[in-house]
Number of protein chains: 2
Amino acid sequence: MEVSYRFVERVSAYRRMLRKLLSEGTTRVYSYELGALEGLSSAQVRRDLMTLGCTGSPSKGYDISAVIEKISELLDPPAGEGIAMVGVGHLGKAILAYATGRFANLCFSATFDSDPEKTGKIIHGCHCFPMQEMEEVLKTRPVAIGIITVPASAAQESAERLAAAGVRGIVNFAPVRLRLPREVFVEDVDITGLLEKVAFFARSRTQEGEGWT
Amino acid sequence: MEVSYRFVERVSAYRRMLRKLLSEGTTRVYSYELGALEGLSSAQVRRDLMTLGCTGSPSKGYDISAVIEKISELLDPPAGEGIAMVGVGHLGKAILAYATGRFANLCFSATFDSDPEKTGKIIHGCHCFPMQEMEEVLKTRPVAIGIITVPASAAQESAERLAAAGVRGIVNFAPVRLRLPREVFVEDVDITGLLEKVAFFARSRTQEGEGWT
DNA sequence: TGCATATTGTGAAATGAGTAACGCTGTGAT
DNA sequence: ATCACAGCGTTACTCATTTCACAATATGCA
């Protein structure tokens, strides 16, 4: 299916919210309810659910479990895939601690660091290898996704080595824009830029009209 | 000026790149050069620079310093603004370490944590206060921006207390969607969702045509 | 049973972001 | 001095995404 980036983003958020609702005992939702929770219009929600192939009923809404099922069919890898984390500083540890075990068919299979204090140890349940063994390790533990949390100066090289080892998607937290072959999907996360944006819009919003989201 | 979110994002990225070029001794760029570096069309770059009020010259391009100056006028707060960080775990420390001192007129003025092991100390140059003193502290150290890196269960409450204390922009790393009055600009960063998206597009791209970005 | 009502499903319109295209301008070569 | 040309500034257009609007439909109640 050819779907847009924003669509995947929303759908992932739907699933998180729907799981929460389900855990609280709710079994059905209306499009306008989910829309209000996500800050979207009901039409947007209906259209997305339609794209997913979900079908609701007037006066009962959508069955939450069924929607979660459809989203999982779309988002979750059909078979197990590995994640490699390059750089196990504070940020890397934070992500490991938070994300470990949260995905279906997607788990951390190796971490890499250049610091001998860290290598050879198990960090948050995942073995940490020295940087120079990356190619070797990735032969026996193939990974689909790489997460880069090394300093800017080491990011491009790390990315190229991951790509050469067969990684097809990279989340980059280092403050540089990675240059990689097009078949590798790269998501650059610029935390500095994030703060600049929020500071800007916080200011521009200060003088605007009040109200609630 | 009424500008779009994407515009601010691009402009922030331009500045980062232009500063790097400047530090390497380059003083002028063509729109197509900057575009290639950022993965954008030259038309997009020219249009953005036009919006910023920059003017270039055919056969010499744009003066990098002048563009940086214009971007800074737009993005940087006109006077000093404070940032508060709520939650000083791995993620909080990572952001503090990386972002401290990188902004013009924007600096960390307080951090908060509920762990008595951390409170009372100076972390990455910034004082850490106990959570319950937030209101009191923010009276003497007014802040414009808040960063939330607490667990999901504490995020909404933290956000409301920040908002009540006058914060006008929040970056939320906790995996919940914050519900706040509209005058507070909220940017939710969902790291789980990020990984799901990258995993999805990595898969969908695997069978596509090759080529370079 | 049949009506009233609230919500779904979806074509059509509106919005908005990005691209193409082209006249204009300044530079360097002849 | 004139010409050729490469890139800027800007307008018009294209295309994707979102919203509008309404017929279709399922439920509850009289």
Side-chain angles (χ1 to χ4, degrees), chain A residues 1-14 18 21 26-71 74 177 182 193 197 200-201 204 213, chain B residues 1-14 17-18 21 26-71 74 197 200-201 204 213:
Chain A
M1 202 190 327
E2 3 69 37
V3 296
S4 77
Y5 189 79
R6 309 284 284 276
F7 172 78
V8 174
E9 207 163 55
R10 286 194 301 271
V11 152
S12 167
Y14 293 160
L18 292 174
L21 291 175
T26 315
T27 61
R28 308 194 68 102
V29 268
Y30 294 116
S31 59
Y32 73 89
E33 293 174 320
L34 185 51
L37 289 168
E38 294 289 338
L40 301 168
S41 71
S42 64
Q44 177 81 81
V45 173
R46 285 203 301 281
R47 181 141 299 233
D48 287 338
L49 296 189
M50 192 180 84
T51 305
L52 283 167
C54 296
T55 181
S57 117
S59 72
K60 284 202 300 182
Y62 297 86
D63 183 84
I64 291 180
S65 308
V67 176
I68 292 175
E69 180 60 30
K70 286 282 188 186
I71 295 175
L74 179 75
R177 181 171 293 273
R182 174 164 300 183
K197 276 185 287 180
F200 176 82
F201 285 106
S204 72
T213 308
Chain B
M1 203 191 325
E2 3 68 39
V3 295
S4 80
Y5 189 79
R6 308 286 283 275
F7 171 79
V8 174
E9 208 162 56
R10 287 194 300 271
V11 152
S12 166
Y14 292 158
M17 182 61 76
L18 292 174
L21 291 175
T26 316
T27 60
R28 308 194 69 103
V29 267
Y30 294 116
S31 59
Y32 73 88
E33 291 174 322
L34 185 51
L37 289 168
E38 294 290 338
L40 301 168
S41 71
S42 63
Q44 178 82 79
V45 173
R46 284 203 302 280
R47 198 194 175 83
D48 286 339
L49 296 189
M50 192 180 83
T51 305
L52 283 166
C54 296
T55 181
S57 115
S59 72
K60 285 202 299 182
Y62 296 88
D63 182 85
I64 292 181
S65 308
V67 176
I68 292 175
E69 180 60 30
K70 286 282 188 186
I71 296 176
L74 179 75
K197 275 184 287 179
F200 177 82
F201 285 106
S204 72
T213 308

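Bear in mind the structure is a predicted one, so any value in this text is a computation, not a measurement. In what follows, every chain begins at residue 1, and chains take the letters A, B, ... in the order their sequences are listed.
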Identify the pairs formed between an N or O of the protein and an N or O of nucleotides 27-30 of chain D at a distance under 3.5 Å, and give each distance.
unit_1: D/dT27; atom_1: OP1; unit_2: A/K60; atom_2: NZ; d: 3.4
unit_1: D/dT27; atom_1: O4'; unit_2: A/S59; atom_2: OG; d: 3.2

Check: Roughly, in whole Å, what's the span from CE in B/M50 to P in D/dG7?
Finding: 19 Å

Note to self: Under 4.0 Å from OP1 or OP2 of C/dT7: is there any side-chain N or O of A/S42 that close?
What the structure shows: no

Check: CZ of A/R28 versus C1' of D/dA26: gap in Å, rounded?
Finding: 11 Å

Check: Rounded to whole angstroms, how far apart are CD on A/E2 and P on D/dC15?
Finding: 16 Å

Checklist line | A/T55 vs C/dG9: side-chain N/O to OP1/OP2 distance below 4.0 Å | finding: yes

Check: Rounded to the Å, how far apart are B/R47 CZ and C/dA20 P?
Finding: 13 Å

Notebook entry, point to check: At under 4.0 Å between heavy atoms, what does A/Y32 touch on the DNA or RNA strands: base, sugar-phosphate, or nothing?
Noted result: sugar-phosphate

Note to self: Just the rounded figure in Å: distance from P of D/dT19 to CG of A/D48.
What the structure shows: 10 Å

Notebook entry, point to check: In whole angstroms, how far is the P atom of D/dA26 from the CG atom of A/D63?
Noted result: 16 Å

Note to self: Counting only side-chain nitrogens and oxygens, does A/R46 get under 4.0 Å of the OP1 or OP2 atom of C/dT8?
What the structure shows: yes

Note to self: Taking the side chain as everything from C-beta on, heavy atoms only, tell me whether A/Y14 gets closer than 4.5 Å to A/V29.
What the structure shows: no

Checklist line | Selection residues 33-44 of chain A - residue pairs positive for side chain to side chain donor-acceptor pair (under 3.5 Å), sequence neighbours left out | finding: A/E38-B/R177, A/S42-A/R46

Check: How is A/Y62 classified with respect to the nucleic acid when contacts are heavy atoms under 4.0 Å: base, sugar-phosphate, or nothing?
Finding: sugar-phosphate

Check: Roughly how far, to the nearest 0.5 Å, is the CG atom of B/L74 from the OG atom of A/S204?
Finding: 9.5 Å

Note to self: Between C/dG16 and B/R6, counting only base atoms on the nucleotide and side-chain atoms on the residue, is there a donor-acceptor pair under 3.5 Å?
What the structure shows: no

Notebook entry, point to check: According to a strict under-4.0 Å criterion, is A/Q44 in side-chain N/O contact with OP1 or OP2 of D/dT19?
Noted result: yes

Item checked: Nucleotide of C/dT8, C/dA20, D/dC8 approaching A/S31 most closely (side-chain heavy atoms) -> C/dT8

Checklist line | Which residues share a ring pair (Phe, Tyr, Trp, His ring centres under 6.0 Å) with A/F200, sequence neighbours left out | finding: none

Check: C/dA17 phosphate, OP1 or OP2: any side-chain N/O from B/R10 under 4.0 angstrom?
Finding: no

Contacts table for residues 1-12 of chain B: side-chain donor-acceptor under 3.5 angstrom, sequence neighbours left out:
unit_1: B/S4; atom_1: OG; unit_2: B/F7; atom_2: N; d: 3.1
unit_1: B/Y5; atom_1: OH; unit_2: A/K197; atom_2: NZ; d: 3.2
unit_1: B/Y5; atom_1: OH; unit_2: B/E187; atom_2: OE1; d: 2.6
unit_1: B/Y5; atom_1: OH; unit_2: B/E187; atom_2: OE2; d: 2.9
unit_1: B/E9; atom_1: OE2; unit_2: A/K197; atom_2: NZ; d: 2.6
unit_1: B/R10; atom_1: NE; unit_2: B/D48; atom_2: OD2; d: 2.7
unit_1: B/R10; atom_1: NH2; unit_2: B/D48; atom_2: OD1; d: 3.1
unit_1: B/S12; atom_1: OG; unit_2: A/E196; atom_2: OE1; d: 2.7

Donor-acceptor pairs under 3.5 angstrom involving side-chain atoms of residues 51-71 of chain A: please list them, not counting sequence neighbours.
unit_1: A/T51; atom_1: OG1; unit_2: A/R47; atom_2: O; d: 2.9
unit_1: A/D63; atom_1: OD2; unit_2: A/S65; atom_2: N; d: 3.3
unit_1: A/D63; atom_1: OD2; unit_2: A/A66; atom_2: N; d: 2.9

Notebook entry, point to check: OP1 or OP2 of C/dT8 less than 4.0 angstrom from a side-chain nitrogen or oxygen of A/Y30, does that happen here?
Noted result: no

Item checked: ring pair (Phe, Tyr, Trp, His ring centres under 6.0 Å) pairs, two or more places apart, involving residues 29-56 of chain A -> A/Y30-A/Y32

Next item on the list: Figure out the CG/P separation between A/L40 and D/dT19, and round it to whole Å.
Entry: 8 Å

